[in-house]
J.: 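This structure is in structure tokens; I'll ask about it shortly.
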Amino acid sequence: MSRQSIGRRGKIRRRRIILGRPLRNGWRPSVARAAAIGVAPALLVGAGVGALVQSNQAAPGVVQAVSADTPFTFSGFGHGHGRGMGQWGAYGYAQDGWTAERIIGHYYGGTELGTVDDAMIAVRLMARDDHTLDVYSDTGMIVAGKQLAPGEAAHLTPTPDGGANVVVTEGCSGDVLWQAATDLPWVDPIDLAEDRPANEHLTMCSDDKTYRGALGVVLDGTAPRTVNRLHVEDYLRSVVPAEALPAWADTGGAEALRAQAIAARSYALAEKRHEKWQTCDTTDCQVYGGSGVEDPRTDDGVRTTRGTVLMKDGEVVRSEFSASTGGYSAGGTFPPVEDEGDKVAPNREWAKTFTAAEIGSKFGVGDLQAFEVLSRNNLGPEGGRVTRVRVVGSDRTIETTGAEARTKLGLRSDWFTVKEGIDEDAPEITPAPEPGPETGTDPFGSGTGTSPIEQAYLDLGGVDSVLGSPIGPELMLPDEIGKFRIFTGGAIVWTPDLGAQVIDASFLKDWFPSTGSAE
């Protein structure tokens with residue numbers, strides 16, 4: 001089924017719903033602003049435009065199609081974006097006797113296993129953004145070339161010259177012992193080697209969270225960032241238990257944890273987010289919780305796959321994964337595959353109900369008149385994942401991707417159908433432990449990474465490319481026709497028709513004079 005609509009009578013339709021008298025002026029994309037940034041207006045008009053905003057001018061005979069309190073049930077499959085490995089599927093296959101290598105080969109077609117030598121990784125700790133670094137160690141540590149006694153705390157504030165101001169205190173809040181400026185904005189443990197005992201780990205004053213390796217502070221524009229630099233194998237000891245469930249090892253799923261270690265190692269080493277860090281510690285990258293979340297069962301998965309990565313054309317592959325594919329992976333960078341292992345996922349099917357008023361509000365279209373599924377990827381039951389939707393309201397009409405619809409509605413995946421009313425037969429979400437839902441989000445449905453802009457940046461070489469480092473987040477273009485991001489050496493603009501294009505950042509700076517700060 002390629003199309004599905006809800007309208008005045010709430011029926012499911014395969015054809016586009018037309019409400020009242022047709023709008024003679026049609027739906028008009030706002031192209032004047034697009035022209036101001038050098039995007040050809042002609043390419044922004046037509047059936048393929050996503051995140052397209054169209055003003056609905058008042059016309060005789062056009063009426064509200066759906067009562068505000070009318071409920072609609074969104075029912076679906078899976079949890080996460082569905083690209084690459086399904087973690088519950090890996091667990092199911094492990095219980096069926098598959099090895100980690102076979103699991104990896106199933107989900108990541110077109111790749112091969114390789115090895116990397118001992119590698120280091122730098123991780124931005126997102127929750128520490130805009131804060132000083134305040135840290136101590138039970139066995140002492142080294143800062144500004146001096147060794148601190150056990151229990152003494154170091155407080156670092158980054159400086160524009162790449163160094164830091166250091167204040168050392170008795171404990172985290174005691175008397176000041178000494179202070180100085182340093183060219184090295186890092187706090188090192190007494191031994192930087194891999195696999196050091198817990199009492200040597202660095203501990204944050206704010207929450208006593210512990211980290212292996214070194215901790216440092218850098219400036220991103222004018223904003224302080226905290227970075228953890230450590231051996232990738234030590235890093236994985238915290239990632240794998242945060243992204244998967246260590247208890248799987250107790251129920252025949254140890255090979256799934258080994259597969260998770262391979263995928264997580266590959267994803268991390270393929271990252272090139274910034275010149276001062278490779279990756280981050282949230283679901284935008286991979287969940288990383290410091291050494292306090294390590295578990296011997298996932299440690300074993302890391303140890304027995306040491307150095308093993310996925311490779312293609314001599315490069316380490318950015319191997320995405322998500323909690324549950326729903327029974328069919330989404331495709332994209334890796335060929336789509338049926339996922340019979342996913343049958344063990346506790347909430348493989350799900351449902352969520354909204355009123356018409358809630359849907360209209362979440363999409364910012366005013367009073368809802370119609371919600372239409374325009375296309376799917378044709379992989380799996382019900383036509384598979386939604387790739388395009390149209391939402392019609394009293395104020396405006398938008399077309400966007402199924403992934404963006406999922407984000408706005410807070411759905412578990414973009415594989416869903418819509419039905420008027422409260423579906424009494426819809427499955428309920430049952431309390432159950434679950435792995436992290438996914439690495440990265442993809443609201444514009446590129447199928448290849450965190451976003452089309454991010455993927456284009458990585459394909460160009462990341463921080464090593466002519467674009468250099470990012471100096472701001474991804475932002476929406478006028479009228480939500482796409483997104484853009486500015487870098488030190490240019491900008492990338494993305495729209496559904498044009499794809500991701502490198503342009504002169506001056507176009508954007510002229511149009512958005514406030515854009516480009518690191519704040």
Side-chain angles (χ1 to χ4, degrees), residues 1-20 22-23 26-30 43-56 62 65-66 72-78 81-82 326 328 330-332 336 352 354 356 359-360 362-366 368-420 442-447 452 479-483 494-499:
M1 182 168 63
S2 61
R3 291 196 178 189
Q4 182 179 22
S5 302
I6 58 175
R8 180 160 60 182
R9 295 183 176 85
K11 293 181 180 179
I12 305 301
R13 296 175 170 84
R14 294 176 184 270
R15 300 173 58 192
R16 191 182 80 188
I17 185 169
I18 298 179
L19 307 170
L23 299 180
W27 291 317
R28 250 186 245 142
S30 296
L43 296 179
L44 302 178
V45 182
V49 178
L52 175 63
V53 180
Q54 303 153 333
S55 297
N56 288 348
V62 177
V66 183
F72 292 95
T73 300
F74 289 71
S75 302
F77 302 88
H81 51 57
Y328 223 108
K352 193 170 183 178
F354 302 91
I359 296 171
K362 289 178 183 294
F363 284 91
V365 297
L368 182 69
Q369 295 177 351
F371 184 105
E372 185 177 11
V373 173
L374 299 177
S375 61
R376 299 177 178 275
N377 69 358
N378 297 317
L379 299 172
E382 306 292 347
R385 294 174 182 271
V386 174
T387 55
R388 296 196 63 73
V389 301
R390 177 183 295 134
V391 187
V392 182
S394 57
D395 294 342
R396 63 176 186 164
T397 292
I398 68 168
E399 287 186 17
T400 189
T401 63
E404 174 74 352
R406 174 208 170 189
T407 299
K408 287 185 179 295
L409 294 170
L411 304 177
R412 289 172 67 85
S413 78
D414 56 4
W415 188 349
F416 60 82
T417 57
V418 192
K419 178 179 180 181
E420 181 181 350
D442 190 12
F444 285 89
S446 69
D479 289 340
E480 300 183 13
I481 60 173
K483 301 191 84 173
W494 175 88
T495 71
D497 279 1
L498 292 175

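As the structure is a computational prediction, the values presented were derived from the model and not from experiment.
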J.: Would you say that Trp415 contacts Pro381 through its side chain, given a criterion of any heavy-atom pair below 4.5 Å between the two side chains?
T.: yes
J.: Keeping the roles fixed (side chain from Arg406, backbone from Arg412), state whether a donor-acceptor pair exists under 3.5 Å.
T.: yes
J.: Rounded at 0.5 Å granularity, tell me how far CG in Leu368 sits from CZ in Phe72.
T.: 6.5 Å
J.: Measure centre to centre between the rings of Phe354 and Phe371, then say whether the value is under 6.0 Å.
T.: no
J.: Say you draw a straight line from CG of Asp395 to CZ of Phe363; how long is it, rounded to the nearest 0.5 Å?
T.: 15.0 Å
J.: Within the side chain of Arg396, is there an N or O that forms a donor-acceptor pair under 3.5 Å with the backbone of Gly364?
T.: yes
J.: Measuring from Arg385:CZ to Asn377:CG, what's the distance to the nearest 0.5 Å?
T.: 7.0 Å
J.: Nearest heavy-atom pair of Ala330 and Pro336: which atoms, and what distance?
T.: C-CB, 4.4 Å
J.: Determine whether the side chains of Thr417 and Ser75 contain a donor N or O and an acceptor N or O closer than 3.5 Å.
T.: no
J.: May I have the step-by-step check of side chain to side chain contact (heavy atoms under 4.5 Å, CB included) for Val389 and Thr400, ending in yes or no?
T.: CA-CA 6 Å; Val389 301; Thr400 189; 3.9 Å; yes
J.: Working to the nearest 0.5 Å, report the span between CD of Glu399 and CD of Glu372.
T.: 8.5 Å
J.: Return the minimal non-hydrogen interatomic distance between Lys352 and Leu409, and the atom names on each side.
T.: NZ-O, 3.4 Å
J.: Just how far is it from atom CZ of Arg376 to atom CG of Asp414, taken to the nearest 0.5 Å?
T.: 10.0 Å
J.: Does Arg388 reach the main-chain N or O of Ser375 with its side chain, forming a donor-acceptor pair under 3.5 Å?
T.: no
